[in-house]
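It should be emphasised that the depicted structure is a prediction, and the values quoted were computed from it without experimental measurement.
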Amino acid sequence: MALATPDDAPFARVQTVRPAAVEGNWTRMKMPDGGRTAFASINYLMALDDDWGFGPGVYGAAKGNYGGIFTVGFTGQRRWRLTSHTHVAASLYVGAGGGLSTQQLRFGGGLMLRPELSLRTEIGPWYTGVGVAQIRFPSGNVRSGVGLGFSLGRSMDFPSFSPDDAGRPGRATKRTGLGFDEIALTGGFEKPSSGSVDRSGKPMQRRIGKAGAELRQYIVDGSWWGIEASGAAQGGADGYMEVLGQIGQDWAIFGVPQWRLGGQLGAGLGGGGNLNTGSGVLFRAGPTLRWITPWGPTLRLDAGYTHAYSGSYNAPYVRAVLAMPLDRAPAVVGDELGGTVRVQQLGASVLYLPRLRFKDGRVEAVTHLAVNMSREFSSRFYGAAQAGSAAAGSAGAYSFGLFGAGVQSDPLWGGLRVGGEWLVGAAGGGGVQVGGGAVTQAELWALWPVSERLRLRAGLGEFRTMRGSSQATSLAHLQLSYAFGALQR
């Protein structure tokens, strides 16, 4: 839907409003070692047109004793309308990851494919579906037969500005882009409680350091929902990963709206790093203290308790959080909020690491598949996040999550930009030598605009561990991303 205004208008306006959806899936399967599990997923799909959509997704084991099997990737989907309330969808998920590798359970290079054909029924903005699906890791022995898959989704809008409006003042009557109000970096510790054991039955005694990121949307003032993901960065649990949804509420302290005290609840999947999370289902709860600074960012202190539903892992936690504002909804429906248009990018990356060292001493080339997101803070500076897993080589089950910042030039010849970025985060699994799990990645890059919204980027850099058993390898990075404008309020 075109909503652009003339070039001489004082404010940039939303250029397009595309359909989008958040969709979850449930797929049961039998594993090669005889056990049974089910993969649960969360996917964000944005429409290219009325029939085609694409977007990032995460799949994880949620049944049996397979907690810690995760993949990260992208889904492409084609829909055919049957009636006003039903449609058929054909989907293909391409991701990378794995976990819990044994002689009977092999994920190969880590590449995962999940085709699905399903029939969906719509009730308002919600829809449910049932169909046939298959999960397979082509270079390993983990694969399911063709079986039933179930889906639940919610349709929404994806309003955005043109990337060419970057830096201009803009106005909109709703959230733009992905629709989140904050992006946050998290870091903290968990101390396993007595009774927590690893997968071999030994007591867990070491404190585990974690690093991650969070996206949050405020429903009303002080009430929110969000998604958080983190991994082990210290404590000998490299390879541990968790993805949780959360809800929460806080209230002003002594009538001061900038200081807020409340609580939050979370539920999701986690495992790996030899932590015994059973099926992988996790629950989390605890208090939170938030300070909204006068300069825009928010500082937060969270505490609480993590509980593995069917495993032997329970731990109190504490973490510090730095949150950066992205957007916010108008207080009155139809009202307009102003801000500055900044470019966001959502894309897929292939990273080639020619000399990655493994714990058994061998050195091999490994290819990663990753989902990436970036957001400009100004014309020269931006923030970036990247999450992915090994997809080719022999490091199946290796995963990573990175976040950081970069600098970029103004457009040069034909819109070409050059820049550099530095990311830090957590990684592990697949037998890769990463010390405690804390890693860093630096890169110099060049970016070409393929069209108004498509961007192709190529870069060269270095990956290295940050603690113990240090290793370093060069890397080559190719990235294709979708760019859009969103308001910075």
Ignoring hydrogens and angles, state whether a donor on the side chain of W291 or T298 is under 3.5 Å from an acceptor on the partner side chain. no
Rounded to the nearest 0.5 Å, the CG atom of L346 sits from the CZ atom of F484 at a distance of 6.5 Å
Under 3.5 Å: donor-acceptor pair, side chain of E182, backbone of L215: no
For D410, is there an ion pair with R380 - N to carboxylate O distance below 4.0 angstrom? yes
Assign the ring pair Y398 / F400 to parallel, tilted or perpendicular, where the plane angle (0 to 90°) is split at 30° and 60°. tilted
Salt bridge E23-R154, side-chain N to carboxylate O under 4.0 Å: no
Answer with yes or no after comparing the ring centroid distance for Y352 and H477 against a 6.0 Å cut-off, counting only values under it. no
State whether the side chain of D165 and the backbone N or O of R168 hold a donor-acceptor pair below 3.5 Å, judged by distance alone. no
Give the intermediate values and the outcome of side-chain hydrogen bond (donor to acceptor under 3.5 Å, both in side chains) for residues S118 and R120. CA-CA 6 Å; S118 61; R120 280 91 177 280; 2.6 Å; yes
Where do R78 and D51 land on the salt bridge (Lys or Arg N to Asp or Glu O under 4.0 Å) test, with the steps shown first? CA-CA 6 Å; R78 172 68 160 91; D51 300 322; 3.8 Å; yes
Criterion side-chain hydrogen bond (donor to acceptor under 3.5 Å, both in side chains) on S230 and E242, from CA distance to verdict: CA-CA 6 Å; S230 61; E242 61 187 22; 2.9 Å; yes
Apply side chain to side chain contact (heavy atoms under 4.5 Å, CB included) to F358 and S394, showing your working. CA-CA 10 Å; F358 289 71; S394 60; 3.9 Å; yes
Please check if the number of heavy atoms outside R362 that lie under 6.0 Å from its CZ is greater than 12. yes
Got a donor-acceptor contact below 3.5 angstrom from the S374 side chain to the A384 backbone? no
Which residue is it: F74, F39, Y59, F54? I am looking for the one with a ring-ring contact (aromatic ring centres under 6.0 Å, His included) to Y93. Y59
Of all heavy-atom pairs linking R417 and W445, the shortest is O-CZ3, 3.7 Å
Counting only heavy atoms not in W225 (residues, nucleotides, ligands), do more than 12 fall under 6.0 Å from its CH2? yes
Under-4.0 Å salt bridge between D157 and R18: no
Working to the nearest 0.5 angstrom, can you tell me the gap between S409 OG and L416 CG? 7.0 Å
Working for side-chain hydrogen bond (donor to acceptor under 3.5 Å, both in side chains), residues R79 and Q77: CA-CA 7 Å; R79 295 185 178 188; Q77 188 176 98; 2.7 Å; yes
Check each of T16, L178, V14 against S160 using the side chain to side chain contact (heavy atoms under 4.5 Å, CB included) test, and report the only one that passes. T16
Evaluate the criterion side chain to side chain contact (heavy atoms under 4.5 Å, CB included) for residue pair V432 and L356; output intermediate values, then yes/no. CA-CA 7 Å; V432 177; L356 201 60; 3.9 Å; yes
Determine whether M156 and R175 satisfy the following criterion, side chain to side chain contact (heavy atoms under 4.5 Å, CB included), listing intermediate values before the conclusion. CA-CA 11 Å; M156 57 187 64; R175 293 181 179 92; over 6 Å; no
Measure across A62 and L269 and return the closest heavy-atom pair with its distance rounded to 0.1 Å. CB-CD2, 3.6 Å
For R171 and G338, the nearest pair of non-hydrogen atoms, with its separation, is CG-CA, 4.0 Å
Are R290 and D250 within salt-bridge range, i.e. N to O under 4.0 Å? yes
Take the angle between the ring planes of W224 and Y218 and call it parallel below 30°, perpendicular above 60°, tilted in between. perpendicular
Atom of G459, atom of E443 and distance for their closest heavy-atom approach: CA-OE2, 3.3 Å
Given the rule in the side chain to side chain contact (heavy atoms under 4.5 Å, CB included) test, do V439 and V424 qualify, once you have shown the distances and angles that lead to the verdict? CA-CA 6 Å; V439 299; V424 298; over 6 Å; no
For the side chain of S399 and the backbone of S389, is there at least one donor-acceptor N/O pair under 3.5 Å apart? no
Check ion pair K359-D238 (N to O, under 4.0 angstrom): yes
H87 vs Y127 aromatic rings, parallel, tilted or perpendicular, using cut-offs 30° and 60°? perpendicular
State whether the side chain of R114 and the backbone N or O of R136 hold a donor-acceptor pair below 3.5 Å, judged by distance alone. no
For L322 versus P297, what's the shortest heavy-atom pair and its separation? CD1-CB, 4.1 Å
Could you tell me whether the side chain of S91 and the main chain of E116 form a donor-acceptor pair under 3.5 Å? no
Show your working on side-chain hydrogen bond (donor to acceptor under 3.5 Å, both in side chains) between E228 and Q246 and close with a plain yes or no. CA-CA 8 Å; E228 59 174 290; Q246 59 172 233; 2.9 Å; yes
Spell out, as yes or no, whether a donor-acceptor pair under 3.5 Å connects the side chain of R455 to the backbone of E452. yes
Given 3.5 Å as the limit, does a donor-acceptor pair link the side chain of S144 with the main chain of Q134, or not? no
Side-chain donor or acceptor of T71 paired with backbone N/O of A96 under 3.5 Å: no
Side-chain contact test, heavy atoms from C-beta onward, threshold under 4.5 Å: evaluate it for L447 versus Q345 and give yes or no. yes
Considering all heavy atoms, the nearest I69-G99 contact: CG1-O, 3.8 Å
Is a side-chain N or O of D327 found less than 3.5 angstrom from the main chain of T176, in a donor-acceptor match? yes
Within a reach of under 6.0 Å around CZ of F377, are more than 12 heavy atoms found that belong to other residues, nucleotides or ligands? yes
Side-chain donor-acceptor pair present, Y317, R319, cut-off under 3.5 Å: no
Enter the distance from F107:CZ to S139:OG here, rounded to the nearest 0.5 Å. 11.0 Å
